[in-house]
A.B. asks: 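Starting off with a structure, shown below.
Convention: sequence-line order gives letters A, B, ...; per-chain numbering from 1.
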4 protein chains.
Amino acid sequence: MPTPFNLCDIAANARAKRERRKDARPGELLAAALELFVEKGFAATRAEEVAKRAGVSKGTLFLYFSSKEELFKAVVRENLSGRFVEWRLELEQYQGSSADLLRYCVNTWWERLGSTQAAGISKLMMSEAGNFPELAAFYQAEVIIPGRELIRRVLQRGIDSGEFRPMDLTYGVYNVLAPMLFLAISKHSGSGCMPANEPLDPVKYINSQVDNILYGLRARAAPAPSPT
Amino acid sequence: MPTPFNLCDIAANARAKRERRKDARPGELLAAALELFVEKGFAATRAEEVAKRAGVSKGTLFLYFSSKEELFKAVVRENLSGRFVEWRLELEQYQGSSADLLRYCVNTWWERLGSTQAAGISKLMMSEAGNFPELAAFYQAEVIIPGRELIRRVLQRGIDSGEFRPMDLTYGVYNVLAPMLFLAISKHSGSGCMPANEPLDPVKYINSQVDNILYGLRARAAPAPSPT
Amino acid sequence: MPTPFNLCDIAANARAKRERRKDARPGELLAAALELFVEKGFAATRAEEVAKRAGVSKGTLFLYFSSKEELFKAVVRENLSGRFVEWRLELEQYQGSSADLLRYCVNTWWERLGSTQAAGISKLMMSEAGNFPELAAFYQAEVIIPGRELIRRVLQRGIDSGEFRPMDLTYGVYNVLAPMLFLAISKHSGSGCMPANEPLDPVKYINSQVDNILYGLRARAAPAPSPT
Amino acid sequence: MPTPFNLCDIAANARAKRERRKDARPGELLAAALELFVEKGFAATRAEEVAKRAGVSKGTLFLYFSSKEELFKAVVRENLSGRFVEWRLELEQYQGSSADLLRYCVNTWWERLGSTQAAGISKLMMSEAGNFPELAAFYQAEVIIPGRELIRRVLQRGIDSGEFRPMDLTYGVYNVLAPMLFLAISKHSGSGCMPANEPLDPVKYINSQVDNILYGLRARAAPAPSPT
DNA sequence: GATGAATGAGGCTTCATTCAT
DNA sequence: TATGAATGAAGCCTCATTCAT
């Protein structure tokens, strides 16, 4: 381009640079939103702060997401719902014992989700679902139902193969889900849950829990019947 | 009634009624606050709505509690902190086996706390602790520390008597706490946690969990070592 | 009265004691109100705090004064308006020179009013008159007009006797009033007026000011004319 | 205009106008705030009314000033603190006699500050300092200390040159300050201070006061000693 | 007369969302 | 597209005044 620079050239140049970064915008906003939603919760996170952390202005946020609720849904899709398909495939192709699969399953969850910011979304939904019914319905359909189904399949596999005792899976899944959710919650609840001077070591905790679960699941004589 | 009424009787009677009403106010406000805090969370609960549900005006609330935070602390004291003393005594006087004590303990918790509104406070703290540091510190000192101590004592009792295997109690307590907290959370998280069409039956869930825990705790050969 | 004491007797006894103190009530309330009005201003003084300082309940305050404004008027009457009559008599009977009378006058003002809480009312009116027009009108009629008149008489006496130079008294009175008001203000303005580390010594200040005033008032050749 | 308009020109122009508007906002708000603070006092001025008088909404005010107190500080900086530097320079370069400097000084004060709204701030601080300690400390440091220092220098100059008699400057400054403050107060106190039918003519008042001051300051035999 | 519980209007401040540029 | 100034509804808390007792 020849020399006679003018303001319009500069503007055009700026516009070009802007457009080059344009595609990255939603991703940067989603990352910033994830961090802040997990840190402060949905209601307590200010739209302006999300924008600032993503390096854009408040107006730009609403250019990409029509409201704070839509931003949240996009965060859930990006970090949770979108991953169930590949995960299900992986579990279906697992070759070892069902006990190993369960252990693998929980550890994998920890590595890929539980230990990341994404786990904070679970904690968040538990407290804010009541105040934001539309978000609750969305989360229910996109995350909770598919997630439970995954665990159910692993347990059913163990029962079918004779490794696990027969059980009512509707409750059985919670033997697995409860410790996972609890760990996720405790990692994101600061002093609201755990004494500050005794933080939980996640790997130790997971192994302690899986040991317990497997004791309970293994096929053998029933435990002393509960006195109900 | 045959005795002769006079003005003094009437005045005394009136004053008594007035004072009875005054004495009832804090309790009514605390009950309304507990409901709303559990239903909506701390930040999302409006002071005016607490007052309305207690049948008084906005100003009256601040006559009894100097701020929303103080109201919350009072709710915690009324429903949680205040009960630890008698509970500890009860556990110390228990005569049966430690396995029975543990089962009794968890079931009692469910009857007296877990199944009541009070359990919602635990869920609430997990999400709002980060946004209200002073409340978090208060809750930590008044509820979390004493609660963990109670569980720890029960497990230690079983270890000392040879019923339970030796273990690192810092993690052991979570084998008990995690299912309790999870149940408390799931009962107060609406659709944020549990599928709406398959609600958790608490008693079944608790027995399922205690069975598992006791399998894990019983003194015997260690389980297959976790592959870490 | 014969023996059969009952609750009504006790009540009657209490009522008697109450009535014995009844006449003192308004005075105690006025004293408390003066203190607080001077300390905090009219708008910033809470009715309840006046009542508490007087040792009665909030309701009692409104029993004796129908509103906060009426309470203020009563304070002004008690502490300012009511004293002008005797003061005027005293000045009219003064025997010495007019210079001495002026010095006596200012020093007396300091002893009886300026150094007391009452002086704070003047400061108060200057700032709150605009927000409370009815109080302003009241104060104007009951205090400002009579007070100016007193000074004017002293100066006129000096002019008539040839001690003071002739002057426009409408402005002349301010040569006297300004330092008095300034002193009153500075004593009641805390750090709003005077540097905290150099408080004003009232007696030194008054003498310094009267010296200056008398220089200016004495009958003699006019000063270098102001260049207007 | 013959030159070819293009989009860039239009955009640049628009941005310029917008920014001109933005830059004007703080000034408009400060002007409105000054008026209202002087008229009603700090506590009695409602933030919303400041906004309305500046032609913006309540929210906009807090966009520029984080709280009512910060707004007030900005008003003080804009109208008082910010002017001391240039004023001190001006006084230091004055060439005439110290008597003339003093007269010039007081008249200049009247023209630039005393006769403007800014003088109302002084009155305001005297009454509200006690209720807003942080504002009091700010005003003390930014206005009172520097202001006194200015007067002190003028008097010291006269003493050094032999025009004025030696004196304790700590009290001497009040011979000058008192009439100035009194005038400022009386102009902004409405009927709280001055009889409505005899308003003070500031120039006459000032000259009357300066005449008096200079009589008192001139180097010569001491006045008749005060009888203390 | 005396009490103090109750009221509710009013003030400061926050923040999601809009829109002119 | 991108900006960020502007809006105004909503929430917490205060306090003069009322009134049943």
A.B. asks: Quick one: which residue pairs count as a salt bridge (Lys or Arg N to Asp or Glu O under 4.0 Å) with a foot in residues 60-70 of chain D, not counting sequence neighbours?
C.D. replies: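 Passing the test, one end in residues 60-70 of chain D: D/Glu70-D/Lys73.
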
A.B. asks: Nearest heavy atom decides the nucleotide; on that basis, is B/Leu61 or D/Lys68 closer to the 5' end of DNA chain E?
C.D. replies: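 On the 5' side of the pair lies B/Leu61.
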
A.B. asks: Using a 3.5 Å cut-off and no angle test, enumerate the donor-acceptor pairs between side-chain atoms of residues 34-51 of chain D and protein atoms at least two apart in sequence or in another chain.
C.D. replies:
unit_1, atom_1, unit_2, atom_2, d
D/Glu35, OE1, D/Arg53, NH1, 2.5
D/Thr45, OG1, D/Leu36, O, 3.1
D/Thr45, OG1, D/Gly41, O, 2.6

A.B. asks: Picking from E/dT3, F/dC12, E/dT17, which would you name as closest to the side chain of C/Val56?
C.D. replies: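 My answer, after comparing the listed nucleotides, is E/dT3.
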
A.B. asks: Within the pair B/Tyr64 and E/dA5, is there a side-chain N or O less than 4.0 Å away from OP1 or OP2?
C.D. replies: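 Answer is no, no contact under 4.0 Å.
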
A.B. asks: Mind checking the CE-OG spacing from C/Met126 to D/Ser127? Nearest 0.5 Å is all I need.
C.D. replies: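 That separation rounds to 10.0 Å.
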
A.B. asks: Within this structure, what is the NE2-CD1 distance for the pair A/His188 and A/Ile121, rounded to the nearest 0.5 Å?
C.D. replies: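 With rounding to 0.5 Å, NE2 (A/His188) is 9.5 Å from CD1 (A/Ile121).
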
A.B. asks: Who are the side chain to side chain donor-acceptor pair (under 3.5 Å) partners of C/Ser57, not counting sequence neighbours?
C.D. replies: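 Side chain to side chain donor-acceptor pair (under 3.5 Å) check on C/Ser57 returns C/Thr60.
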
A.B. asks: Return one dot-bracket line describing DNA chain F 5' to 3' (Watson-Crick or G-U wobble pairs, both distances under 3.5 Å; ( ) same strand, [ ] crossing, | another strand, . none).
C.D. replies: .||||||||||||||||||||

A.B. asks: Report yes if the side chains of C/Tyr64 and C/Glu28 come closer than 4.5 Å at any heavy-atom pair, otherwise no.
C.D. replies: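 Of all side-chain heavy-atom pairs linking C/Glu28 with C/Tyr64, none is under 4.5 Å.
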
A.B. asks: Would you mind reporting whether C/Phe72 and C/Met125 have side-chain heavy atoms less than 4.5 Å apart?
C.D. replies: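 C/Met125 reaches C/Phe72 side chain to side chain.
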
A.B. asks: If you assign D/Gly59 and C/Lys58 each to the DNA chain F nucleotide with the nearest heavy atom, which residue ends up on the more 5' nucleotide?
C.D. replies: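 Closer to the 5' end of DNA chain F: D/Gly59.
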
A.B. asks: What nucleotide, of E/dG1, F/dA16, E/dT14, holds the atom closest to the side chain of D/Phe62?
C.D. replies: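 Of the options given, the side chain of D/Phe62 lies nearest E/dT14.
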
A.B. asks: When rounded to the nearest 0.5 angstrom, what is the spacing between NZ in C/Lys58 and NZ in C/Lys52?
C.D. replies: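 C/Lys58 atom NZ to C/Lys52 atom NZ measures 10.5 Å (nearest 0.5 Å).
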
A.B. asks: Distance check needed: F/dA2 C1' versus A/Phe65 CZ, whole Å only.
C.D. replies: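 These atoms are roughly 15 Å apart.
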
A.B. asks: Heavy atoms within less than 4.0 Å of DNA chain F: which residues of residues 32-51 of chain B have one? Give them sorted by number.
C.D. replies: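 Here the set is B/Thr45, B/Arg46, B/Ala47.
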
A.B. asks: Output the single nucleotide from E/dG8, F/dC13, F/dT1 whose closest atom is nearest the side chain of B/Ser57.
C.D. replies: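 Among the listed nucleotides, the one closest to the side chain of B/Ser57 is E/dG8.
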
A.B. asks: Between P on F/dT3 and NZ on A/Lys52, what's the gap in Å once rounded to a whole number?
C.D. replies: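 Answer to the nearest Å: 14 Å.
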
A.B. asks: Do you know which two heavy atoms are closest between A/Ser67 and A/Phe62, and how far apart they sit?
C.D. replies: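 Nearest pair, atom of A/Ser67 first, then A/Phe62: CA-CE2, 4.0 Å.
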
A.B. asks: Looking at C/Thr60, I'd like to know whether one of its side-chain N or O atoms comes within less than 4.0 Å of OP1 or OP2 on E/dT3.
C.D. replies: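 Yes, such a contact exists.
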
